Amino acid sequence: MSSAERYRALRGVQDILPPEIFIWQKVEEVAKDVFSAYGFQEIRPPIIEVTDIFTRSIGENTDIVEKEMYTFSDKAGRSITLRPEGTAPFVRCYVQNCLYNLPSPQKFFYSGPMFRYERPQKGRFRQFYHIGVEALGISDPKIDAEILSMLRFLLERLGLEGLTFEVNSIGCEKCRPDYRKALLNFFSGRINGFCPDCKRRYELNPLRILDCKVKECIKLRVGSPRVTDFLCKDCREHFDALLSLLRLLDFPYVINPDMVRGLDYYTRTTFEVTSKQLGAQNAVAAGGRYDRLVEEFGGPPTPAIGFAIGIERIVELLKSSDKLEILAPKVFIATIGASAEKEGLLIANKLRERGIWVEISYAAHSLRSQLRRADRLSAKYVLIMGDDEVSSRKLKWKRLSDGTQGEIAIDKVLEFFNK
RNA sequence: GUGGGCGUGGCUCAAUGGUUAGAGCACUGGACUGUGGCUCCAGGUGUUGGGGGUUCGAGUCCCCUCGUCCACCCCA
């Protein structure tokens, strides 16, 4: 280490390196694959937006907006924010590009980094990655069920097990105020027993009291009104229809009436997928309906539903369950002498043009040390070539796993490795 | 923002307050210049995260600070 201070990545952000990057690539590939089977197409909105987009949609009193956003002024004095989540920018993009004129449902997905200024912990970073999915134009619960089963299918395809799928309905702008009133009424006599956080929640966002993990608060909320008992007729029907579709699809859901969403824009269906193998940050995917948001962004009334999955949490699960595929070169070309070196370079090029991973030696090392390097790289085959081989136009191949070797004509090398 | 644990070569870790801070792994080369894995040998400028203090003497004790991990909080 030098005496100069070395640079390091900012707190809460990370470099993603091999071999872990291969899991990331797999997750992205499988997701793209599954989404296209359901007709979802990729879009790539920008990472920065005007700050208002987030404050208006996520809600002024949420933690995200109050203290977690990366916000700065650009050179023209506009307030700009690095996106803390994907749905609000998506809706801006949807309205701006008049995507509602496409035949409905319009189905899109996107992936990329999100930013929140939080204290890092297991499964929580300041720059974290989401794959998000949005379906618009359909209010029928069939699309809710489709989205959920697509999510389940994706997680299954990735080989994940032991996940819990929680669903709930938090009603609409018609029924939620009644529920809120009932909650406040129920809790008003118990407020003194609450933890300080819940006392604060009582004022700001009483629904969040349902989420508290403090034992006293859990006791005090026994028998509290349930959101599902306050749904209006339309929301009730929507939720019931969704549940019967899920049963039809043999979807292993659990109703969690205490599940509340932190963002203001949600309506009706909300859901969350959790794993017990993660730490406190146990959600691997979550989402819900946001039937009012497009209109609020100046578009036509457009029902919508979406979810996002947290890539690093999926990767975390796969790291412990997956046997990592070891990537290794197929061929190492070991040469002795200048003419063999040139010949070897030509062979390497031909093989590489066919997409075969070939490594060569970059200095005139002894054959021993070249073989040792091939071994350390876990190369499958070594091609050995010296003056004799060049003049006879034949070279030796050796399979490192069992040490077998043989001879092959130089112009047959392509066929040998092409299969 | 709050609380707790942990900071010693690239990694995992040793070192009662007392010589020149060690070992394993990894890495590079050699022994073995046409045959890898095994073995042996050689190769490290470590400000013991940083700063201050206590002490004859600090990796070790105290304070501050930074980083990291976990949890609270919060969250698609």
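Below, each value reflects all heavy atoms present in this structure, side chains not excepted, and no hydrogens, waters or symmetry copies. In this text, all values refer to a predicted model and were calculated from it rather than measured experimentally. Chain identifiers are assigned alphabetically (A, B, ...) following the order of the sequence lines, protein sequences preceding nucleic acid strands; residue numbering begins at 1 within each chain.
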**Asked** A:Phe125 CZ to B:C69 C1': how many Å, rounded?
**Response** 11 Å
**Prompt:** A:Leu395 has an atom CG; how far is it from atom P of B:U35, in whole Å?
**Reply:** 17 Å
**Message:** By the 4.0 Å heavy-atom rule, please label A:Ala283 as base, sugar-phosphate, or nothing.
**Reply:** base
**Fill in**
The nucleotide from B:C70, B:G34, B:C74 with an atom nearest the side chain of A:Glu68 is B:C74
**Message:** Please verify the inter-ring angle class for A:Phe194 with A:Phe187; under 30° counts as parallel, over 60° as perpendicular, anything in between as tilted.
**Reply:** perpendicular
**Message:** So, OP1 or OP2 of B:G36: does either fall under 4.0 Å of a side-chain N or O from A:Arg368?
**Reply:** yes
**Message:** Please give the distance between the C1' atoms of B:C27 and B:C11 as a whole number of Å.
**Reply:** 11 Å
**Asked** Which part of the nucleic acid, if any, lies within reach of A:Gly279 when heavy atoms closer than 4.0 Å are counted: base, sugar-phosphate only, or nothing?
**Response** sugar-phosphate
**Prompt:** Who is the Watson-Crick or G-U wobble partner of B:G37, with both distances under 3.5 Å?
**Reply:** none
**Prompt:** Does the cation-pi check pass for A:Arg126 over A:Tyr117, that is, NZ or CZ under 6.0 Å from the six-membered ring centre and within 45° of its axis?
**Reply:** yes
**Item:** Under-3.5 Å donor-acceptor pair between A:Gln405 side chain and B:U35 base
**Value:** yes
**Request:** For the pair A:Ser366 (side chain) and A:Ser369 (backbone), establish whether a donor and an acceptor sit closer than 3.5 Å, ignoring hydrogens and angles.
**Result:** yes
**Asked** Can you check side-chain hydrogen bond (donor to acceptor under 3.5 Å, both in side chains) on A:Glu296 and A:Ser57, steps first, answer last?
**Response** CA-CA 8 Å; A:Glu296 273 172 33; A:Ser57 60; over 6 Å; no
**Request:** Select one nucleotide: of B:U28, B:G1, B:U35, the one nearest the side-chain heavy atoms of A:Ile384.
**Result:** B:U35
**Prompt:** Across the strands shown, which category fits A:Glu118 at heavy-atom distances under 4.0 angstrom: base, sugar-phosphate, nothing?
**Reply:** base
**Message:** Check this one for me: any side-chain N or O of A:Arg119 less than 4.0 Å away from OP1 or OP2 of B:C74?
**Reply:** no
**Prompt:** Does a donor on one side chain sit under 3.5 Å from an acceptor on the other, for A:Thr81 and A:Thr71?
**Reply:** yes
**Request:** Can you tell me the distance, in whole Å, between the CZ atom of A:Arg372 and the C1' atom of B:U28?
**Result:** 9 Å
**Item:** Flag, side chain of A:Arg292 to backbone of A:Pro301, donor-acceptor distance under 3.5 Å
**Value:** no
**Prompt:** Among the nucleotides B:G36, B:C75, B:A71, which one has an atom lying closest to any side-chain atom of A:Leu371?
**Reply:** B:G36
**Message:** Output the rounded distance in Å from NZ (A:Lys380) to C1' (B:G36).
**Reply:** 17 Å
**Prompt:** Using atom C1' of each nucleotide, how far apart are B:A58 and B:G50 to the nearest Å?
**Reply:** 16 Å
**Prompt:** B:C69 phosphate, OP1 or OP2: any side-chain N/O from A:Gln121 under 4.0 angstrom?
**Reply:** no
**Request:** Using atom CZ of A:Arg124 as one end and atom C1' of B:G1 as the other, report the distance to the nearest whole Å.
**Result:** 11 Å
**Prompt:** Please give, in whole Å, the distance from B:C74 C1' to A:Ile58 CD1?
**Reply:** 13 Å
**Complete:** Side-chain contact check for A:Leu400: nearest option of B:C74, B:G30, B:G36 is B:G36
**Prompt:** Does A:Arg376 place a side-chain N or O at less than 4.0 Å from the phosphate oxygens OP1/OP2 of B:U28?
**Reply:** yes
**Item:** Rounded interatomic separation in angstrom, taking CG from A:Asp387 and P from B:G34
**Value:** 10 Å
**Asked** Can you tell which of B:C74, B:G37, B:U33 lies closest to the side chain of A:Ser366?
**Response** B:U33
**Message:** Please report the distance, rounded to the nearest Å, between CG in A:Asp63 and C1' in B:C72.
**Reply:** 12 Å
**Message:** I'd like the C1' distance from B:A15 over to B:U48, given in whole Å.
**Reply:** 11 Å
